[in-house]
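To start, the structure under review is shown below, and the notes come after it.
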There are 2 protein chains.
Amino acid sequence: MSVAKTRKDREKAEREELIITHAGRLLVRDGYQNLNLDALAEAVEYSKGTLYLHFKTKEDLVLAVATRALRERADLFERATRFKGKSRERIRAIGFACCQFALLHRDYFSIEMTLKSVSFWEKASEEQRRQHGVQSGRVFHAVNSIVQEAVLSGDLPKDVKPQDVVLSLISITIGSHIAATQPELQMLCAVENPIVAVRRNQDLIIDGWGWKPLLKDWDYTATDRRIKAEIFPEASWLKSS
Amino acid sequence: MSVAKTRKDREKAEREELIITHAGRLLVRDGYQNLNLDALAEAVEYSKGTLYLHFKTKEDLVLAVATRALRERADLFERATRFKGKSRERIRAIGFACCQFALLHRDYFSIEMTLKSVSFWEKASEEQRRQHGVQSGRVFHAVNSIVQEAVLSGDLPKDVKPQDVVLSLISITIGSHIAATQPELQMLCAVENPIVAVRRNQDLIIDGWGWKPLLKDWDYTATDRRIKAEIFPEASWLKSS
DNA sequence: GAAGAAAAATGACTCAGAGTCAAATAATGA
DNA sequence: TCATTATTTGACTCTGAGTCATTTTTCTTC
């Protein structure tokens with residue numbers, strides 16, 4: 001019986017994965033508004049009723065899609081924290097992870113944006129909310145631990161509050177992603193490669209805090225090569241210029 | 001007849017304003033999803049059909065709400081450009097305008113976020129899209145002109161591209177607004193006052209570009225007092241600390 | 001100021017799509 | 001094989017965006 005139960009559980013989990021995958025695909029293609037649960041039911045070859053056995057509402061489902069992506073983000077960030085080096089090199093590894101994630105999930109931010117809208121969260125289940133919280137916590141912690149290390153080691157001025165640094169890093173990352181992927185702004189600001197823009201902005205903020213060694217005082221292209229070789233060998237986007 | 005026509009036009013414009021005002025109020029209260037056009041029709045005491053004489057779709061209406069707020073933002077930014085002083089003081093006046101706007105329209109960004117969702121724009125009318133473009137252009141230009149001046153005067157290094165600076169300023173502003181108003185992040189990062197967080201992040205980016213005089217080399221609290229006195233006497237939020 | 005024409009306003013209606021639930025189907029066990 | 005329990009289904013309800021034939025108001029002319 002216990003075996004039967006695990007098999008059933010496994011089947012249920014697999015189906016949930018299937019639904020989330022297809023939902024993510026349709027979400028990217030059509031947007032939240034135009035995500036049609038009848039169409040999704042057809043795509044996964046289950047009935048609409050079955051979808052509702054897995055997810056309380058459409059919002060619940062979309063939150064699950066976002067959480068799965070966020071989990072991958074957290075995984076990449078935690079891998080990045082394993083990089084050995086100066087604190088600023090280590091925060092750069094996080095930035096690297098960020099790029100890697102952006103390339104794997106080009107549209108994650110647009111999904112995350114729909115989560116921010118009023119009365120979205122209250123329509124999702126307690127459990128989904130909790131899971132999303134856990135994953136954001138992992139992301140926050142990965143960044144925070146490196147910032148704290150930098151303060152302790154003196155690479156950041158002793159009097160800065162780690163939380164303020166983390167907030168500024170999160171802000172510039174979110175904002176740069178949104179701004180650099182806006183067609184209108186890409187035009188006005190001559191953005192060729194959004195990833196490059198995000199990284200430059202991250203560097204600016206980090207320099208702004210006086211996080212040593214400053215950009216001008218260190219060869220970070222060498223650091224990037226090490227990060228790629230040691231932590232993210234699968235990253236194919238880094239130009240060897 | 002010409003008089004009759006202008007009177008009619010005026011009445012139409014007034015009603016449009018009424019609709020936009022109420023729509024904005026409901027939008028903030030209920031969010032885009034829950035904005036109900038039957039309820040809005042009741043609130044403005046016109047029929048639903050009449051709403052549709054003014055706006056092609058719900059999206060069109062929401063875009064009009066966003067554009068009206070954006071116009072006010074552009075007005076504040078243009079007022080800020082009239083401030084006399086060093087280029088860094090002048091960009092600070094823009095930051096000041098930004099705060100002023102954030103206080104007048106605490107929830108503008110959440111509306112602007114709904115505009116970013118896939119397939120929103122295509123449902124709005126050509127004319128609304130154009131108007132929104134005009135207003136963003138004004139905002140962009142206000143910032144860009146000061147950045148260019150800074151490069152010419154040597155306050156910013158000669159080799160920086162003004163567009164890159166503008167992009168970074170827009171990014172940090174959008175991102176900080178989103179991050180600093182997220183309840184979860186407010187908790188984790190101990191954000192007491194979102195406005196303070198936004199301004200600090202702006203300062204960091206500006207310092208990051210090496211825009212002289214740097215934060216540590218100049219008394220910007222005095223500048224803030226001048227900005228308030230000379231340009232934004234109505235601003236009541238600036239603590240005289 | 002009445003009558004007829006043109007313009008504006010209305011709200012009952014259609015239609016799409018989220019969410020439900022009684023009935024059908026499948027799995028389990030005796 | 002049949003009864004019982006668990007799972008799956010899709011026809012149905014209900015909400016709300018968008019439409020348009022009809023009604024109401026405004027304008028014009030005599």
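None of the values given here were measured: they were computed from a predicted structure. Side chains are part of it too, since the values below use all heavy atoms of this structure and drop only hydrogens, waters and symmetry mates. Each chain gets a letter, A, B and so on, in the order the sequences are listed, and its residues count up from 1.
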(message) Across nucleotides 11-22 of chain C, 5' to 3', mark each nucleotide with B, S or - according to how protein heavy atoms within less than 4.0 Å reach it.
(response) B-----SBBB--
(message) Between Glu112(B) and Lys116(B), does any NZ, NE, NH1 or NH2 come within less than 4.0 Å of an OD or OE carboxylate oxygen?
(response) yes
(request) Whole angstrom is fine here: how far is it from NZ in Lys12(A) over to C1' in dA26(C)? (result) 17 Å
(message) Checking Arg200(A) against Ser176(A): is there a side-chain donor and acceptor pair closer than 3.5 Å?
(response) no
(message) Can you tell me if Arg15(B) touches the phosphate of dA8(C), counting only side-chain N or O atoms and a distance under 4.0 Å to OP1 or OP2?
(response) no
(message) Without decimals, in angstroms, what is the distance between Leu53(B) CG and dT25(D) P?
(response) 16 Å
(request) For the residue pair Gln135(A) and Arg138(A), confirm or rule out a side-chain donor-acceptor distance under 3.5 Å. (result) yes
(message) Looking only at the side chains, is there a donor atom on one of Ser117(B) and Thr114(B) sitting less than 3.5 Å from an acceptor on the other?
(response) no
(request) Return the value, rounded to whole Å, for the distance between atom CG of Leu51(A) and atom P of dT7(D). (result) 17 Å
(message) Using the rule given for side chain to side chain donor-acceptor pair (under 3.5 Å), can you reason through Thr50(B) versus Ser47(B), listing the C-alpha separation, both sets of side-chain angles and the distance that settles it, and then say yes or no?
(response) CA-CA 5 Å; Thr50(B) 303; Ser47(B) 73; 3.2 Å; yes
(request) Provide, to the nearest angstrom, the distance between the CD atom belonging to Glu45(A) and the P atom belonging to dT9(D). (result) 10 Å
(request) Within residues 21-28 of chain B, find the residues that approach DNA chain C with a heavy atom at under 4.0 Å, and present them sorted by residue number. (result) none
(message) Looking only at side-chain N and O atoms, does His22(B) offer a donor or acceptor that is under 3.5 Å from a partner on Arg25(B)?
(response) yes
(request) Provide, to the nearest angstrom, the distance between the CG atom belonging to Leu61(B) and the P atom belonging to dG16(D). (result) 16 Å
(request) For the pair Lys161(B) and Glu192(A), find out whether any cationic side-chain nitrogen is under 4.0 Å from an anionic carboxylate oxygen. (result) no
(message) Distance alone, cut at 3.5 Å: any donor-acceptor contact between the side chains of Arg106(B) and Thr181(B)?
(response) no
(request) Begin with the C-alpha distance, continue with both residues' side-chain angles, and end with the deciding distance and a verdict on side chain to side chain contact (heavy atoms under 4.5 Å, CB included) for Leu35(A) and Asp30(A). (result) CA-CA 6 Å; Leu35(A) 170 62; Asp30(A) 306 331; 5.7 Å; no
(request) Take atom CD of Glu11(A) and atom P of dA6(D), then tell me their distance rounded to the nearest Å. (result) 17 Å
(request) Would you mind reading off the distance between Leu18(B) atom CG and dA9(C) atom C1', rounded to a whole angstrom? (result) 15 Å
